[in-house]
There are 2 protein chains.
Amino acid sequence: MTVTLKHVAERAGVSRSAVSRCFTEGASISSGTRAKVERAAVELGYFPNVLARSLTTRSTRLIGLVSNNFHNPVFLQIFDLFTRRLQDRGLRPLLVNLSEETAPARSVQMLRQYSVDGVIVASSTLPGGFARAFREAGMPVVHAFGRPADRPDVHVVGIDNIACGRIAAATLIARGYGRLGFLGGPQAASTTQDRMAGFLAEGSRHPGAGTVIRFADAYSFDAGRAAMQAAIAEGCFAEAWFCGDDVLSLGAISALRDAGLSVPGDVGVIGLNDMEMAGWAGVGLTTIHQPFDEIIAASIDLVTAMPDDPARAPVSRIFPCRVVERGTLRARC
Amino acid sequence: MTVTLKHVAERAGVSRSAVSRCFTEGASISSGTRAKVERAAVELGYFPNVLARSLTTRSTRLIGLVSNNFHNPVFLQIFDLFTRRLQDRGLRPLLVNLSEETAPARSVQMLRQYSVDGVIVASSTLPGGFARAFREAGMPVVHAFGRPADRPDVHVVGIDNIACGRIAAATLIARGYGRLGFLGGPQAASTTQDRMAGFLAEGSRHPGAGTVIRFADAYSFDAGRAAMQAAIAEGCFAEAWFCGDDVLSLGAISALRDAGLSVPGDVGVIGLNDMEMAGWAGVGLTTIHQPFDEIIAASIDLVTAMPDDPARAPVSRIFPCRVVERGTLRARC
DNA sequence: CGGAATTCTGCAACGCGTTGCAAAACGTGT
DNA sequence: ACACGTTTTGCAACGCGTTGCAGAATTCCG
């Protein structure tokens, strides 16, 4: 049935060790036996079983990719990049969907059972405790899109959300908007808190700029729309809104337009992420670009480097964001 | 470091076999030793290593989830459902991104190395040869969203694309549209061919209905938009279009509106898939709903059942689709 | 060519669990 | 207490590969 080391060894007339060495990088083997083994291997269609190998090498090349964001289109881009970059390095993503999970225990246990080489938690809404739980179970872990800190519990890769809030406010103020609005995602998420803090801090530096604050229940179109509808119904008004995410922005814009307001004519909107859809013709969302490619590459770098230096203190790697102008803010005045 | 069977056995004062049996369903073990073992196990935080176990049981509970659609938002929904349904059954998705791959060899080899219990190819644009390659390598495989056939090479789960084409044409004709347009995805894809065939067949049953045909390079917004722009530029006109996918429809609509045409005022559009975004306020795409949940459940059923009956001939499981009315066709006349 | 240095090779043990089998323990009926 | 049937248990071998070690085969050098 399955062809193993032994079959190849017999066919090639060498010992099992010889065959094994033929397939391990940098092992000592003569070109003669190597040729014999390789011929037998291709004739039999043999390839070593990674899982059996992992028993002794203690490396499965499996990486747990853990997320709970399966409704925000930007995560399709993120999964695309993660899977490709991991594949490029010969690593395999074991996808874990935490959508309905409130405690880390089960996923920790499961990833331990599969002895993954590392875990990447890719989410801005999972509480920090999830990533920490993996670390406590002894797995290399990095939290991508997590909350940076001076002394983080685990490696964090992402953006400076406070700075993003500031950039958003500064951009709106530079456009001459007076009354500013912040429409955050779930209030408990650290990203929401930080973006708001930066936004308010920058706003308060400009005496003319008042600020209103709203939250959506989730990073989703419907939540953004509902939140903005509620704001309108309650007479809560701003000349321009910073929404904590692109898909939230689209929901908000839909509510604004339904209320007879023009974007950007009557109200400005700036998002965050710069997902693919933001650039679609007819969408044209002005937003803050998050450098996904770098964040993802850095996450993989960190998680793969961890076994080499287990004592290393967790670090935060922060990448700068930039505004990308499209059509939902009025022109600079 | 890692706690193994042996540690638990020593602590509980029993043999390794006893511990093993304690963790395998339906093995013969007395309640007394079970209690001892369980206590020792929780004290040590022990859980059996699935990978080591798989060596003898020949089951990893790993399922290869293979796709090349990381740019069509509907696939985020699909991945969400797949990962959840697999998890519900204690299976683990090993995600394989085939975006840049033109030959199946590498992925076949890789999934063999990880001895996955089965493979689900989730794509409507991968040629059938990919799924076949997995079968030839001896892996249980099902092609989700593939092309059904009377005697398929591998299990196929999906929809009847010819019927969908017919439904689309019938719907448009019932609305009184005369000149019909078909905007397909990549011309080589079987889905494109079949949807077109059904569409044309139904159209030809109604003498009044002429048909024009166009193809987009990919199932993407930009491709749909570009194809429709080209159609307009060349004076290729239809009163209503059936687009082979929702995201293609959105691109097409964007081109139509840019050209000063109102949808549905001047031109009707019907899509296919019924992705989440189709229902967004302001999008309101009339489309043909594909029952993803059932397709995915059936795919998993089939792939997990295969080892029990390896001789079973491949089957096609086809689920019916239905039109969901929103706002991109004029009212029934 | 002899001997030392180097490169290869096979043996055997190991990584972590599972499982067939025979012996041990237990239970029952008389 | 004995014979008999039914659990339960441990031993040892196995699944598939890797690796330390010691000896065999080469190579190198004077």
Side-chain angles (χ1 to χ4, degrees), chain A residues 1-38 40-41 44-62 109-117 138 307, chain B residues 1-38 40-41 44-62 109-117 138 307:
Chain A
M1 199 74 263
T2 68
V3 21
T4 80
L5 207 51
K6 195 161 85 173
H7 303 135
V8 180
E10 280 162 9
R11 179 165 196 122
V14 298
S15 72
R16 286 158 62 234
S17 338
V19 180
S20 170
R21 283 192 256 263
C22 187
F23 284 92
T24 65
E25 205 67 22
S28 157
I29 190 160
S30 74
S31 57
T33 45
R34 149 153 279 140
K36 277 192 290 184
V37 169
E38 274 173 356
L44 265 45
Y46 170 77
F47 269 95
N49 180 328
V50 187
L51 270 23
R53 163 182 287 174
S54 80
L55 274 185
T56 48
T57 62
R58 328 216 60 106
S59 159
T60 53
R61 306 202 70 74
L62 246 25
Q109 200 217 87
M110 178 243 127
L111 289 177
R112 264 196 34 199
Q113 288 193 325
Y114 279 89
S115 21
V116 296
D117 286 357
Chain B
M1 198 74 264
T2 68
V3 22
T4 80
L5 208 51
K6 196 163 84 173
H7 303 135
V8 179
E10 279 162 9
R11 179 163 195 125
V14 298
S15 73
R16 286 159 60 233
S17 338
V19 179
S20 170
R21 282 192 257 261
C22 187
F23 284 93
T24 66
E25 206 67 22
S28 159
I29 189 160
S30 73
S31 57
T33 45
R34 150 152 278 141
K36 278 192 290 184
V37 169
E38 274 173 356
L44 265 47
Y46 170 77
F47 269 96
N49 179 328
V50 187
L51 270 24
R53 164 183 285 175
S54 81
L55 274 185
T56 48
T57 63
R58 329 217 58 108
S59 159
T60 54
R61 305 202 69 74
L62 247 25
Q109 201 217 86
M110 179 245 128
L111 288 177
R112 264 196 35 199
Q113 289 193 324
Y114 280 90
S115 21
V116 296
D117 286 356

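Atom set for the values below is all heavy atoms of this structure, side chains included, hydrogens, waters and symmetry mates excluded.
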For [X] and [N], what is the distance between atoms [atom1] and [atom2] respectively, to the nearest whole Å?
| X | N | atom1 | atom2 | value |
| --- | --- | --- | --- | --- |
| B:R61 | C:dG17 | CZ | P | 17 Å |
| B:R58 | C:dC16 | CZ | P | 20 Å |
| A:R34 | C:dT7 | CZ | P | 16 Å |
| A:F47 | D:dC16 | CZ | C1' | 16 Å |
| A:Q113 | C:dG15 | CD | P | 21 Å |
| A:H7 | D:dG15 | NE2 | C1' | 12 Å |
| A:L51 | D:dG15 | CG | C1' | 12 Å |
| B:E25 | C:dT18 | CD | P | 12 Å |

Below 4.0 angstrom from OP1 or OP2 of [N], is there any side-chain N or O of [X]?
| X | N | result |
| --- | --- | --- |
| B:S30 | D:dT8 | no |
| B:Y114 | D:dC16 | no |
| A:S54 | D:dG17 | no |
| A:T33 | C:dT9 | yes |

Applying side chain to side chain contact (heavy atoms under 4.5 Å, CB included), run through B:R21 and B:V37 and close with a yes or a no. CA-CA 10 Å; B:R21 282 192 257 261; B:V37 169; over 6 Å; no
Where the side chain of [X] is defined as all heavy atoms beyond and including C-beta, which of [options] is the nearest nucleotide?
| X | options | answer |
| --- | --- | --- |
| B:S28 | D:dG10, D:dT9, D:dC14 | D:dT9 |
| B:L55 | D:dT18, C:dG17, D:dC16 | D:dC16 |
| B:T4 | C:dG17, D:dG15, D:dT18 | C:dG17 |
| A:I29 | C:dG17, C:dG15, C:dT9 | C:dT9 |
| B:R21 | C:dC21, D:dT19, C:dT9 | C:dC21 |
| B:L5 | C:dG17, D:dT18, D:dG17 | C:dG17 |
| B:R53 | D:dG10, C:dT18, D:dC16 | C:dT18 |

Quick check for you: to the nearest 0.5 Å, what is the distance between A:N49 atom CG and B:S115 atom OG? 4.0 Å
I'd like to know if A:R16 reaches the base of D:dG17 with its side chain such that a donor and an acceptor end up less than 3.5 angstrom apart. yes
Polar pair under 3.5 Å, donor/acceptor by atom type, side chain A:S17, base C:dC11: yes
Test your reading of the model: is there a side-chain donor-acceptor pair from [X] to the backbone of [Y], 3.5 Å cut-off?
| X | Y | value |
| --- | --- | --- |
| A:R34 | A:C22 | yes |
| A:S20 | A:R16 | no |
| B:T60 | B:S54 | no |

Begin with the C-alpha distance, continue with both residues' side-chain angles, and end with the deciding distance and a verdict on side chain to side chain contact (heavy atoms under 4.5 Å, CB included) for B:L51 and A:L55. CA-CA 8 Å; B:L51 270 24; A:L55 274 185; 5.8 Å; no
First encountered from the 5' end of DNA chain D, between B:G32 and A:T56: B:G32
